[in-house]
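Quick note on labels: first sequence line is chain A, next is B, and so on, each numbered from 1.
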Amino acid sequence: MSVLSIKDLSLEFRTFDGVYKAIDRVSIELAQGEALGIVGETGCGKSVLTRAAFGLVPTPPARITGGTVSFLDRDILGLPQNELRAMRGRDVAMIFQDPMTFINPVFKIGTQLIDSIRAQRHVGRREAREIALDMLDKVQLPNPARQMDSYPHQLSGGMRQRILIAMALAAEPKLLIADEPTTALDVTIQAQILDLIAALVEDMGISLIMISHDLGVVAQVCDRIAVMYAGQIVEDAPVSRIFDHPAHPYTKGLLAAVPHPFSPADTLSGIAGALPNLYEPPQGCRFAARCAHASAQCRAADIGFRHIASGHAVACTLFEDEAAHV
Amino acid sequence: MSVIEDIARPDAPDRWREYRRMWATFRRSHSAILGLIIVSAFLILAAIGPWIVPFPDDAYGAVHFERKLQAPNATHWFGTDEVGLDIYTRVIIGARTTLWIGLTVTGIAVLIGVPLGLLAGMSDGVLREVIMRVTDVFLSIPGLILAIAIVGALGPGILNAMFALALVWWPGYVRLVQAKVLSVRNETYVEAARSIGASRARIIFLHVLPNCTSPIIVKASMDMGLAILGAASLGFLGLGAQPPYPEWGAMISIGKNYLPDWWWYSLFPGLAIYLTVLGFNLLGDGLRDMLDPKQR
Amino acid sequence: MTPRPDVVTGLMTVDALLAGRPDVAREALWHMVLPAIALSLPALASIIRVNRAEMIESLDKDYILNARAQGVGSLRIVAAYALKNAILPTLAMIGLRFGWMLGGTVLVEGVFDYPGLGLYATNAAVSSDFDPIIAVTLVLGACFMIVNLLIDLAYAALDPRVRAQI
């Protein structure tokens, strides 16, 4: 059963400089219990994609120009805000990059947790407090009862992120969207938090979308990876395929840019060139300008997805559709 | 932290694009444009006033009892006062007085406040403490009260009123500039400049001061309005310009004794003060929206 | 014209009530209405303005996005989550405005011929009688300082980060 199905979603921002086409016909399928990673560099539209799907991008300046989003077999695009709100928190929960700014500085941790829980379930204050304590225990926060009465500025970044996770999972949602959850943390804390998310998601049978610019982070938690470039998905494959048989030149470039402990540093390479101008996106493959294998065919028209192995799709002219795997 | 910033990174800063963006922000606000229009009209009237008024001799006092306290009519658009002076003439000429007061008070306040603020922000220890505590003492007494006290000591008069207002106004700039300097001083680029051996003067004038200009311009534009209001208040209380000097506050001060029957006497100078202060405030608001990068 | 009740505190309304003359107290209050409105309107305008701007800014913050993402109701978000953050700069504006209002009393009392400290100071200044001016300046300065102290205390009560610095 599909939890989230995004089909051909397009979105643009109207800004002072013109119309910025942030997302272009992106499709994503997420099955029950699956963990999907969305990977791409800053500005590729990966955060906007999931926020837009659940009505968290302010319109205007943003405008959804096409596509459908169905969540738990329900078309949710264009639902009124109050229905979306009822769904957020209860069925889909989100955690974000910077735990510093995502917790209200002038309210106690306990108050915010209890507010979230009571917004999601019909429980009394006392019961909500029990659930809150239980959740803080689940995210392995030391001394939960004391943390309930502390203010955000009294906690470390890692503790704050644990609290955000507790807030998000308290309602036992069907889907958790983790938007760069570890980027602002130290590497050691990062690993702990990733393990925690992976364990909780597994335990509670929650589907997960993990957004990151870091392939390593995503590989640690996810089953499948979608690689985004300049507002489009260019490759979608199981984690092992991405690492062992990357197909799209951009994916290969990303992998080459990841430092490896056993290979000398001088083999580390970046991808030459810069992101295309999304005010006037180029025709055809958006990566063509930076691609060593680009041909006239790449620049002529849209590149459809080619299915090159079981569950492995890539938008690149270098590959042929292998019908057997579709 | 907004989503838009996240994805729509502006390209390398382009000066002209920046000016166009600023002007577009300014133009979008009707109130900012209204402010600009009012202030421009005020400046033009102040510049050409003496050549366009119908009764130039009435500006600095004359006596025409034969036409005293006339209601607004074709000859005297705003009516006449108790000694027969043309109120229209006096309001227009009053724009000069007002502009002169506003510029002097704000100018002196900037000239005292900004250097002291820079000094307090860049120095540590005793000097900063002395500057900031003196500033606090000035700020701890409501401005107009302090101005009245100073005028009370020096004696009523327009020059003393201006001096009193300037003396009350500068501490605001010290606070503003000092706070800004403290925040800029710890920016990475200033630290970088210091680490490559840039001199203190170079850091102040090249890195710190340019970051303070926008808030100073905005505050100065707002303060023009407030200084004008302050001078008019002192004039109204009989502590500033003395009649028959053409100053709006002083005119209302006399005119209020003739209310409500001879309403035009205080209405028109009052409107002039209101519009001018409104204009400078709207302009200041527009400038702030335009110069404040957070608005992007 | 009703006769003035015996002077006990010097405050007309309080003295009238002490003398058991509610009608006089009502009349004394009635004379305050217009000056009070004239004094409060400018302060009202700028407090509303600051609070509006701060509310807009604080509703744009990440923690509001998070609360929305958790499904917290919009009334709670606006009236508690955003307001408690926005009220702090508003308090600062109230303190500043209080100073202006003290200055404004001078003008308003002048216009309404209301025999208060402001009128007293003005008359003294016009006749260059310096001692009353000094006295009024000090009294009003002390008032201003007390109000600012109260505002600082309110700051600490509302913002745990301020509390932590004490």
_With rounding to the nearest 0.5 angstrom, report the CD1 to CD1 distance, C/Ile133 to B/Ile145._
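The distance works out to 11.0 Å.
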*Are C/Val126 and B/Leu239 close enough, and set up right, to give a side-chain contact (heavy atoms from CB on, under 4.5 Å), and what steps lead you there?*
CA-CA 6 Å; C/Val126 171; B/Leu239 298 171; 3.8 Å; yes
_For chain C, the option from B/Gly143, B/Ser140, B/Pro156, B/Gly155 that forms the most heavy-atom pairs under 4.5 Å_ =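 It is B/Ser140.
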_Pick from B/Ala153, B/Gly238, B/Ala147 with the largest number of heavy-atom pairs that fall under 4.5 Å of chain C_ =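 Option with the top pair count is B/Ala153.
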*asked:* Just so I understand: if I count every heavy-atom pair under 4.5 Å between each of C/Arg49, C/Met145, C/Met101 and chain B, which residue has the most?
replied: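 So the answer, after comparing C/Arg49, C/Met145, C/Met101, is C/Arg49.
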Should we say atom [atom1] of [X] is surrounded by more than 12 heavy atoms from elsewhere, each under 6.0 Å from it?
X        : atom1 : value
C/Phe130 : CZ    : yes
B/Phe26  : CZ    : yes
C/Tyr155 : OH    : yes

[X] portion near chain C, given a 4.5 angstrom heavy-atom threshold:
X        : result
B/Ile148 : both
B/Asp285 : side chain
B/Leu229 : neither
B/Leu154 : neither

_Pairing residues for B/Tyr173 by the ring-ring contact (aromatic ring centres under 6.0 Å, His included) criterion, not counting sequence neighbours_ = none
Check [X] against [Y] and note the closest heavy-atom contact, atom names and distance.
X        : Y        : value
C/Ser128 : B/Gly152 : OG-O, 3.9 Å
C/Thr137 : B/Ala149 : OG1-CB, 3.6 Å
B/Pro142 : C/Phe144 : CD-CD2, 3.9 Å

*Does any non-hydrogen side-chain atom of B/Leu237 lie less than 4.5 Å from one of C/Leu107?*
yes
